[in-house]
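Have a look at the structure below, then the notes.
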Amino acid sequence: MSFYDDCPDYDESAYAGTYVHDVEGWDDDLIGSVLDGNPDAYWNID
């Protein structure tokens, strides 16, 4: 059990704080596979 387990707003995602993760709701696996781990590449999707 870690200190952050009691904090409901803590997100262990590697991409927490990025638009594609926080606003669009993509998970780490999707960002990793579709965007090759670059959340800024989301803006290039047509």
Side-chain angles (χ1 to χ4, degrees):
M1 182 170 194
S2 77
F3 169 78
Y4 297 105
D5 290 340
D6 294 329
C7 183
D9 295 329
Y10 180 72
D11 189 350
E12 292 184 28
S13 168
Y15 304 105
T18 62
Y19 178 85
V20 70
H21 179 270
D22 294 348
V23 176
E24 294 297 323
W26 288 31
D27 65 9
D28 286 0
D29 292 333
L30 192 57
I31 294 170
S33 63
V34 174
L35 302 178
D36 292 325
N38 182 4
D40 292 332
Y42 175 78
W43 298 105
N44 294 324
I45 296 176
D46 289 331

List, one per line, each side-chain donor-acceptor pair under 3.5 Å for residues 34-41, sequence neighbours excluded.
residue: N38; atom: OD1; partner: D40; partner atom: N; Å: 3.2

query = Who pairs with D28 by side-chain hydrogen bond (donor to acceptor under 3.5 Å, both in side chains), at least two apart in sequence or on another chain?
reply =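 Partners of D28 under the side-chain hydrogen bond (donor to acceptor under 3.5 Å, both in side chains) test: S13.
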query = How would you list, by chain and number, every residue that makes a side chain to side chain contact (heavy atoms under 4.5 Å, CB included) with D29, sequence neighbours excluded?
reply =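 Listed in chain order: D27.
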request  = Taking the side chain as every heavy atom from C-beta outward, state whether W26 and Y15 have any atom pair closer than 4.5 Å.
outcome  =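 Not touching, per the 4.5 Å side-chain cut-off.
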